[in-house]
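Worksheet for the structure shown next.
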Number of protein chains: 2
Amino acid sequence: MSATIKSVAEYAGVSIKTVSRVINNEGTVKPDTLAKVQQAIDALDYRPNKAARDLAGRDNYVLGYVYDNPNAYYILAMQNGILKECRANGYELLIHPCDATNPDIIDELVNMVNSARLAGLILSPPLSEMPDVLQAMDDKGIQYVRVLSGDKAPDDKPCVLVDDYQAARQITGHLLDQGHQRIAFIAGEKQHHSTTERQRGFYQALADHGIQADPELVIDGTYSFGTGVQSIQQLLALPEPPTALFACNDEIAAGALFGARMQGVDVPEALAIAGFENSPFSTQTFPPLTTASQPTAQIAQRATSSLIRSLQARKRKAENHTITADIFVPELIVRESTSR
Amino acid sequence: MSATIKSVAEYAGVSIKTVSRVINNEGTVKPDTLAKVQQAIDALDYRPNKAARDLAGRDNYVLGYVYDNPNAYYILAMQNGILKECRANGYELLIHPCDATNPDIIDELVNMVNSARLAGLILSPPLSEMPDVLQAMDDKGIQYVRVLSGDKAPDDKPCVLVDDYQAARQITGHLLDQGHQRIAFIAGEKQHHSTTERQRGFYQALADHGIQADPELVIDGTYSFGTGVQSIQQLLALPEPPTALFACNDEIAAGALFGARMQGVDVPEALAIAGFENSPFSTQTFPPLTTASQPTAQIAQRATSSLIRSLQARKRKAENHTITADIFVPELIVRESTSR
DNA sequence: GAGTAAAATGACAGCGTTGTCATTATGATG
DNA sequence: CATCATAATGACAACGCTGTCATTTTACTC
């Protein structure tokens, strides 16, 4: 049988309420009392009973992660990061896969939050980029944190930013540094901010080097292997084909690599290819892909901790809780697919 | 404010205990009383408070999913299936990623089950195939269900079987039916039962057709793209190369396909390739891969429901609860990579 | 229709925590 | 050193449910 707050209180020689104050960091406990209680907690290996906490308290210690993203690696990395932070703070996580294209998605989410009595929500793209979803959460007073693509927060609500723009600029810059002049770009779904941000970074890098982008070299597609295969065929058929390609993610890049090989085009000798995401795809090709690595798990962890802090701040009625938008810049990883 | 058991009881004109009996299916309630209560539940949209249930009851309504598997698609599919069944039965799910090679893994798991007060565990490979892990669970009286590769249950403890043997036999049979005589096999990690079962099916199919397996055509590797690329080079360098390949999973098959193309070998004209798993890899290649589809989400759902049933049976002290081992046979999916 | 066993229902405590409010200790002030 | 404000602590009810055991109702027997 595991220790209860009562046994800890007896062991430490204080009331259960004081123990409660310690485990909730309420701050109104004398240092030596606190030390005694901490020691009792450690000695008895006490862990608060979540069910009792939820039942007695006003709030619940459960966060929700809502996702709709076909990319399994991304979701799992997010999930791992969130879980880590939740565990560290005694929160639990409710996982809720959903379909963002479902017209009833908003009702579904509100319903879920209410019936599971969630304390807050972690939203990743594309959900985190849907204004009506965010609006509904605000209306219902549901707390959330978003993971977003961008280089500055779109509003003052909590979010963690991934600076795809900057990273895309770096990747493109890397290709330019290698002497490439005709660089192609294959985009993913335009609904994802990540696509538009990466494209913006691509254009900016060209502009930095005084190069005019050739519209023929920019192709719209989806974040898929198939897009890569098809697009590269189209690009290679051009009278003046590109000597380098920046694909919006590794999956597209892998497809392009495959397509190029099928047509007998050597990579990187005749065509340099860079991807984005540092997914397993990027090392499972020959040659391995140059890419940008976003520390997804770490981003998720930061988002979660930010949500928890704002939850606790609200609990203590600290209205002056300042929301700081964390920002991550994916890091350039150079591999053989772009080496000269 | 949502309805409580008390408001339902008042509405229905019975005691709260009777409502409790209804929601727990205890069976000792008169039909018309039951109807009244049901109606009250519907009218008030009552949902039992999980925290109160957990606190008051002996058991918790929380299951755990423990995984260590590099394959993100598999895990996510499992997770989705488990979640679906949990939700349908009012259970919650605790997700616990872990490292099976960690020497302290057993302590870690036992600790987790105790501190989170889990009702039961869902184990997938490789954890479900580690005898010492299972032994520890049995010793501690922790209930679990395993998802296993095999065509019959190894013991009388609850499990759901995936008949890789049968499916591998079918895939190999399909290649044989296409007239192939020299069929290669690339294995994954030998620690995974799925590998040995698939290999067993491969040999059996050859034997069925009176063909002697050529050891030169069987290569050990890992479940990775790289294994596929390397192995196919080795196979194609043989004096008498194979005309068909059965790769232990789609990732290997995709690597092999890539490697074959690199060497100018046409697929399927000069070399037929089949994979296994029906992962996204299998449709992201040109040509798309023949493979076997295991309904992972459905398997997970079945496993979860089996665990829940056995949990409830134990609660009612029904010792005569018979454990039926469900068995799934992955289904052959023929695509262009093996068409004549 | 009285007597009995079995089925159905209810009263009430208790699960482990937090919130509210009362009480006690501490420190500052004159 | 008495007085008071404030910080620290404690007593106790309440959260919504289940388990135990007592009570009532029902069904059956002679």
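Note that these values count all heavy atoms, side chains included, but never hydrogens, waters or copies made by symmetry. Numbered from 1 within each chain, the chains take letters A, B, ... in sequence-line order.
In summary, the side chains of A:Tyr65 and A:Ser124 do present a donor paired with an acceptor at a separation below 3.5 Å, with no hydrogens or angles considered.
Projected onto DNA chain D by closest heavy-atom contact, B:Arg21 and B:Ala52 fall at different nucleotides, the more 5' of which corresponds to B:Ala52. In terms of position on DNA chain C, the residue among B:Gly13 and A:Lys17 whose nearest nucleotide sits closer to the 5' end is B:Gly13.
As rounded to whole Å, 16 Å separates atom C1' of C:dA8 from atom CG of B:Asn24. Between the NZ atom of B:Lys6 and the P atom of D:dC15 there is a distance of 7 Å, rounded to whole Å. Going from atom CD1 of B:Ile23 over to atom P of D:dC17 covers 6 Å, rounded to whole Å. The nearest whole Å value for the distance from the CG atom in A:Leu34 to the P atom in D:dA7 is 17 Å. Here D:dG16 presents its P atom at 19 Å from CZ of A:Arg53, a figure rounded to the nearest Å. One interatomic measurement links the two molecules: NZ of A:Lys50 to P of C:dT17, which rounds to 13 Å at whole-angstrom precision. The distance from atom CG of A:Asp32 to atom P of D:dT9 is 8 Å, rounded to the nearest whole Å. Atom CG of A:Leu44 is separated from atom C1' of C:dG16 by 15 Å (rounded to the nearest Å).
Side-chain N/O atoms of B:Tyr46 include one lying less than 4.0 angstrom from OP1 or OP2 on D:dC17. For the OP1/OP2 pair of C:dT9 and a distance below 4.0 Å, the side-chain nitrogens and oxygens of B:Thr18 include no atom meeting the criterion. For C:dC15, neither phosphate oxygen OP1 nor OP2 lies less than 4.0 angstrom from any side-chain nitrogen or oxygen of A:Thr4. Phosphate proximity of D:dT18 to B:Ser20: present, with a side-chain N or O under 4.0 Å from OP1 or OP2. Residue A:Asn49 has no polar side-chain atom (N or O) positioned under 4.0 Å from OP1 or OP2 of C:dC15.
At the heavy-atom level, A:Lys30 lies under 4.0 Å from the strands shown only through sugar-phosphate atoms.
Within the 3.5 Å criterion, the main-chain N or O of A:Ala297 finds no donor-acceptor partner in the side chain of A:Asn80. Formation of a donor-acceptor pair under 3.5 Å by the B:Asp326 side chain with backbone atoms of B:Cys159 is not found in this model.
Comparing D:dT18, D:dC15, C:dT17 against the side chain of B:Ala56 picks out D:dT18 as the nearest. Listed nucleotides: C:dT20, C:dC15, D:dC17. Nearest to the side chain of B:Ile16: D:dC17.
The aromatic rings of A:Tyr61 and A:Tyr91 sit tilted relative to each other, their planes meeting at an angle between 30° and 60°.
In this structure, the ring of B:Tyr74 has its center no less than 6.0 angstrom from the ring center of B:Tyr67.
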